[in-house]
Protein chains: 2
Amino acid sequence: MAQVRPMRADARRNYERLLKVAAEAFAEHGENASLDDIAKRAGVGSGTLYRHFPTRQALLEAAYVERIEALGTRADELAKELPPGEALAEWLYEVCVGTIQVRGMKALLGSAVMDGSQAALTACATSMKGAAQRLVEAAQREGTLRQDIEPIEVLRLAHGVSTASELANGQGKHIRRYLSLLTDGLRPSSAG
Amino acid sequence: MAQVRPMRADARRNYERLLKVAAEAFAEHGENASLDDIAKRAGVGSGTLYRHFPTRQALLEAAYVERIEALGTRADELAKELPPGEALAEWLYEVCVGTIQVRGMKALLGSAVMDGSQAALTACATSMKGAAQRLVEAAQREGTLRQDIEPIEVLRLAHGVSTASELANGQGKHIRRYLSLLTDGLRPSSAG
DNA sequence: TACTAAACGGAGACAGTCCCCGCTTATTTC
DNA sequence: GAAATAAGCGGGGACTGTCTCCGTTTAGTA
């Protein structure tokens, strides 16, 4: 394997600054924050930005990997603390909250679970899918989640729930409700 | 009431052409089709386009009202043909299909059911919400839909289902499945 | 200190939005 | 039919954003 020579000091510095500024900008203006503006705020030319991050996706991804990987870790914590079904439910809740509250993460998570997206191979995607798989399989073993459903489908449906909650425009106030509608179904409960 | 003087013949002509071209363009390039390009293809200046349709939303709406109102009519047809629960299910399916297949309609339907959107007062929004209300209330009376859910929530959830199906990227192949997951819930069926 | 490859940065080509305002024309009036 | 007029046209241009190219600068090395 070719030895990867370490980044030059100035390059590393710029890279870090760009990431920091980008995270702020995406949080503030959403996924369409101006890239030239991010470069400017980071005190570099736009050429530098595009060299480090060839696409908006790449920058978005880099800016939020940590947060996404934290969701992966969180999945395992929840798996230890709660019974599988509840762990899955709570994890999906936290995923949805992140999706809505951190502007810019929606696009990223979306393309991570999108069939045919190049992003499907990225660290974010891998980490999300891994976490989902562990929780889903556990819940299925436990018998609280139907067998005929794939981990990635659960992620896609969660994304759908985020979309629905977003339309209700309450800073995520409706996530719990819509998630439980999805879990319980739209039919009247047998208890009702 | 002030008498509304009819549009001048040339104005009406341009208006019609713009609508026709816009519907094509949105279908082809999605909701972000270039407006100047639409003007050009319709053989008018961009000023003319912006005079008739001050915002992209306005154009989108005008281009698709008919189709949306057809969905309203369709709701009533289905209500006659099928028992309420099934009518609602089938109608939601058709709504989702439209949302996905006709590029550009997603944004429109989305803002129609979005809380706090100006579009919430438009013809599209009214017609969709009316149709949803009729079907939802019938299904609730019949007892096949839980009582604690609002018509607009059903529309939002359907929009979520469209989003999820879109991520699965099969030209709507997954709509039926995701819609029934929503209807039945994610728990194992009592039959299984 | 001198060399070199890596990295920088910003000008500029391009695409999109949207407004402004001088010009054109459909309609009305006589 | 000609003149008057207001409704409507249209494209130039200011602005914002993307992304590339290439001459210049600089970190790392010997």
Side-chain angles (χ1 to χ4, degrees), chain A residues 2-63 103-104 106-108 111 118-119, chain B residues 2-63 103-104 106-108 111 118-119:
Chain A
Q3 170 177 344
V4 184
R5 116 174 20 200
M7 243 183 212
R8 230 170 73 171
D10 53 346
R12 157 130 261 122
R13 239 181 355 255
N14 286 331
Y15 184 93
E16 306 283 336
R17 292 213 53 168
L18 280 168
L19 275 190
K20 186 163 161 286
V21 171
E24 288 167 16
F26 286 135
E28 190 175 346
H29 301 112
E31 50 163 327
N32 291 320
S34 156
L35 295 185
D36 272 28
D37 194 56
I38 289 174
K40 202 159 291 170
R41 281 211 249 170
V44 306
S46 49
T48 301
L49 186 153
Y50 285 99
R51 192 162 346 91
H52 285 305
F53 310 99
T55 65
R56 179 181 294 274
Q57 258 317 301
L59 181 55
L60 206 47
E61 160 117 10
R103 302 188 59 186
K106 185 151 199 266
L108 179 56
S111 74
Q118 315 92 308
Chain B
Q3 171 176 345
V4 184
R5 128 179 0 210
M7 244 183 211
R8 233 170 70 170
D10 52 348
R12 156 132 263 122
R13 239 181 354 255
N14 286 330
Y15 185 93
E16 307 283 335
R17 295 212 48 167
L18 279 168
L19 276 190
K20 186 161 160 289
V21 170
E24 288 167 16
F26 286 135
E28 189 175 345
H29 300 113
E31 49 163 327
N32 291 321
S34 157
L35 297 185
D36 273 27
D37 193 56
I38 289 175
K40 202 159 291 171
R41 281 210 248 169
V44 306
S46 48
T48 302
L49 186 154
Y50 286 100
R51 190 162 350 89
H52 285 303
F53 310 99
T55 64
R56 177 180 296 273
Q57 258 317 299
L59 180 54
L60 206 47
E61 160 117 8
R103 303 189 59 186
K106 185 151 201 264
L108 179 56
S111 74
Q118 315 92 306

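Reminder, nothing fancy here: chain letters follow the sequence lines and each chain counts from 1. Because the structure is predicted, anything quoted here is derived from the model rather than measured.
- Annotation: side chain of B:Asp10 is in contact with side chain of B:Arg13 (closest heavy-atom distance under 4.5 Å).
- Listed for the B:Arg56 side chain is a donor-acceptor partner under 3.5 Å among the backbone atoms of B:Glu31.
- When the C1' atom of D:dC19 is taken as reference, atom CZ of A:Phe53 falls 16 Å away, rounded to whole Å.
- To the nearest 0.5 angstrom, A:Arg103 atom CZ is 9.0 Å from A:Asn32 atom CG.
- Salt bridge annotation for B:Lys20-B:Glu16: absent, with no cationic side-chain nitrogen under 4.0 angstrom from a carboxylate oxygen.
- To the nearest angstrom, P of D:dG17 lies 15 Å from CD of A:Glu31.
- In terms of heavy-atom proximity, B:Leu18 sits nearest to B:Ala42 at CD2-CB, 3.7 Å.
- Comparing B:Arg13 and A:Val44 along DNA chain C, the residue whose closest nucleotide (by nearest heavy atom) sits nearer the 5' end is A:Val44.
- Atom C1' of nucleotide C:dA6 and atom CZ of A:Arg12 are separated by 15 Å, given to the nearest angstrom.
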Which protein N or O atoms sit under 3.5 Å from an N or O of nucleotides 13-18 of chain C?
unit_1: C:dT17; atom_1: OP1; unit_2: B:Arg56; atom_2: NH2; d: 2.1
unit_1: C:dT17; atom_1: OP2; unit_2: B:Leu35; atom_2: N; d: 2.8
unit_1: C:dC18; atom_1: N4; unit_2: B:Asp36; atom_2: OD2; d: 3.1

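- At a threshold of 4.0 Å, the pair B:Asp36-B:Lys40 does not count as salt-bridged, since none of the basic side-chain nitrogens sits closer than that to a carboxylate oxygen.
- Computed from coordinates, the B:Arg17 CZ to D:dC9 P distance equals 13 Å when rounded to whole Å.
- With rounding to the nearest 0.5 Å, the separation of CG in B:Leu35 from CZ in B:Phe26 is 6.0 Å.
- The stretch residues 20-27 of chain B does not touch DNA chain C, since none of its heavy atoms comes less than 4.0 Å from the strand.
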N/O to N/O distances under 3.5 Å, protein versus nucleotides 4-8 of chain D:
unit_1: D:dA7; atom_1: N3; unit_2: B:Arg8; atom_2: NH1; d: 2.5

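- Regarding B:Leu49, its CG atom lies at a distance of 13 Å from the C1' atom of D:dG11, rounded to whole Å.
- Taking the side chain as every heavy atom from C-beta outward, A:Arg17 and A:Val44 never approach each other to under 4.5 Å.
- The nearest pair of heavy atoms linking B:Ala119 to B:Gln57 is CB-OE1, 4.5 Å.
- Of the inter-residue distances, the one linking B:Leu49 atom CG with B:Arg41 atom CZ reads 12.5 Å to the nearest 0.5 angstrom.
- You'll find the side chain of B:Phe53 stays beyond 4.5 Å of the side chain of B:Leu60, heavy atoms only.
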